[in-house]
Amino acid sequence: MVRRIDVSGAGGVRLAAWEFADSPKIDPPRGDPSGTGNLSGDAGTGTTPGEIERAPGVLLLHGLMGRASHWAPTARWLSERHRAVALDQRGHGQSDKPPEAAYTRGAYVEDAEAALEQLGLGPAVLIGHAMGALTAWQLAAKRPDLVRGLVICDMRASALGAASQREWENWFKAWPVPFATLADVRKWFGEDDPWVERPNPSRGEFYAEVMAESPDGWRPVFEPEQMLKSRETWVYDAHWEELTQVQCPALVVRGLDGELGRAESQEMVRVLPNGQYAEVAEAGHLVHYDQPEAWRAAVEPFLDEALR
């Protein structure tokens, strides 16, 4: 079962939220006339959070250039015990990409906040990768009533600076778009991209998933200019202060060959009031994509504890 639910984000931007599996069945509460114990939390049903027993909520937030479907395998195992929803963030996936919309930190955080409230997920565990992890910990600091646990996957808290932003601008210009075939997409991002140190098939698959066919070939479903605009709102600043404000249990996960170094990740754990650490061997930045079984093994025990 794959189900899409539209959410209204900051400024009225339409966001697509996705469930990739049915939530677990829970015995209906006493007085439920249907006897079914509806778990959907659909907008428009007249049901408000707290009226029915629900599976614990989890909101999954992808990174820059990602999309909700990158979380599908994770969402499916989560759905054995939780109600797991993945969000296409503004400018990404099947959510709206209005050129005049705000692509700021505040807008991304407000979007996630709106999703939790409109879907009736809170208090939920937030699982974020890269930029999505930053959004998650900023929301946890802002709205502790909505967040009961936090998983930060391969996202740095330190400022990256102007040189990093220039590197990304040049990288986008190097993309040989349009790609003739999806096989070309997989090969370029998995082998030929100058940022790839050694062949990485999972990276090729990751980027193939964010391409759409156009009359002249395959192009990204996002606008690179919007990605750069989104990135420039956080790349120049450090985000340690927000980490100190996260009161819920938090797990920092890094890929051994990812972008988050061990020293910085352990400092993040130290700064978090209730932080824990995990690393996944033989994984790069795309931890959940590179090593899905090891990713589950790292995250699942934390969730069991956070949602107890």
Side-chain angles (χ1 to χ4, degrees), residues 5-17 43 57-68 85-162 164-165 168-169 222-248 250 268 271-273:
I5 309 167
D6 282 348
V7 171
S8 180
V13 174
R14 183 190 55 81
L15 308 171
V58 178
L59 183 66
L60 297 142
L61 299 171
H62 60 75
L64 191 71
M65 301 182 292
R67 63 185 308 168
V85 180
L87 183 67
D88 272 335
Q89 296 174 78
R90 62 177 53 212
H92 297 75
Q94 293 191 33
S95 289
D96 282 351
K97 307 167 180 64
E100 72 282 359
Y103 292 90
T104 62
R105 282 286 79 226
Y108 280 105
V109 172
E110 288 176 28
D111 286 348
E113 182 179 4
L116 288 177
E117 292 180 329
Q118 293 172 39
L119 296 168
L121 285 177
V125 169
L126 303 185
I127 300 179
H129 174 246
M131 183 190 74
L134 175 58
T135 299
W137 87 62
Q138 290 180 324
L139 178 55
K142 176 186 178 185
R143 290 291 307 273
D145 58 309
L146 285 178
V147 185
R148 62 190 299 183
L150 174 66
V151 177
I152 297 168
C153 180
D154 217 66
M155 179 60 188
R156 300 182 62 182
S158 58
L160 301 180
S164 173
Q165 189 71 354
W168 274 68
E169 291 172 359
F222 51 79
E223 294 295 334
E225 293 78 8
Q226 290 179 354
M227 299 299 99
L228 290 170
K229 188 183 299 184
S230 298
R231 194 173 187 271
E232 71 183 4
T233 65
W234 55 263
V235 73
Y236 300 109
D237 301 316
H239 305 282
W240 296 97
E241 180 62 28
E242 293 122 318
L243 284 176
T244 69
Q245 299 168 14
V246 174
Q247 298 302 313
C248 64
M268 290 168 67
V271 166
L272 284 160

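A quick note: this is a predicted structure, and the numbers were derived from the prediction, not measured. Side-chain atoms are counted along with the backbone in the values below, which use heavy atoms only and exclude waters and symmetry mates.
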How far apart are the closest heavy atoms of [X] and [Y], and which atoms are they?
X    : Y    : result
E232 : K229 : CG-O, 3.2 Å
V85  : L119 : CG1-CD1, 3.7 Å
V58  : L121 : O-CD1, 4.1 Å
A107 : A10  : O-CB, 4.1 Å
V246 : A141 : CG2-N, 4.2 Å
G63  : A130 : CA-CB, 4.1 Å

When you measure from the side chain of [X] to the backbone N and O of [Y], does any donor-acceptor pair fall under 3.5 Å?
X   : Y    : value
R90 : A102 : yes
D96 : V13  : no
Q89 : H62  : yes

### Task
Could you please spell out the steps behind the side-chain contact (heavy atoms from CB on, under 4.5 Å) verdict for T244 and E242?
CA-CA 5 Å; T244 69; E242 293 122 318; over 6 Å; no
### Query
When R14 is tested against each of D88, V7, D6 for side-chain contact (heavy atoms from CB on, under 4.5 Å), which residue passes?
D6
### Query
Can E110 and L139 be said to form a side-chain contact (heavy atoms from CB on, under 4.5 Å), step by step?
CA-CA 8 Å; E110 288 176 28; L139 178 55; over 6 Å; no
### Query
Which class fits the ring pair Y108 and H92: parallel under 30°, tilted 30 to 60°, perpendicular over 60°?
perpendicular
Taking the side chain as C-beta and beyond, is there a heavy-atom pair between [X] and [Y] under 4.5 Å?
X    : Y    : answer
Q138 : L134 : yes
L160 : W234 : yes
W168 : L64  : yes
C248 : R148 : no
D237 : H239 : yes
L116 : L126 : yes

### Query
Where do L228 and S230 land on the side-chain contact (heavy atoms from CB on, under 4.5 Å) test, with the steps shown first?
CA-CA 5 Å; L228 290 170; S230 298; over 6 Å; no
### Message
Determine whether T135 and R105 satisfy the following criterion, side chain to side chain donor-acceptor pair (under 3.5 Å), listing intermediate values before the conclusion.
### Response
CA-CA 7 Å; T135 299; R105 282 286 79 226; 3.0 Å; yes
### Query
Quick one: do E117 and R143 make a salt bridge, cutoff under 4.0 Å?
yes
### Task
Answer yes or no: is there an ion pair linking K142 with E113, defined by an N-O contact shorter than 4.0 Å?
yes
### Task
Let me see the working for I152 and L150 under side-chain contact (heavy atoms from CB on, under 4.5 Å), right down to the final yes or no.
CA-CA 6 Å; I152 297 168; L150 174 66; 3.9 Å; yes
### Query
How long is the gap from CZ on F222 to OG on S95, to the nearest 0.5 Å?
14.0 Å
### Task
Enter the distance from D111:CG to L87:CG here, rounded to the nearest 0.5 Å.
7.0 Å
### Query
Y103 and T233: side chain to side chain donor-acceptor pair (under 3.5 Å), yes or no, with the steps?
CA-CA 8 Å; Y103 292 90; T233 65; over 6 Å; no
### Residues which pass side chain to side chain donor-acceptor pair (under 3.5 Å) with Q165, listed by chain and number, not counting sequence neighbours
R231
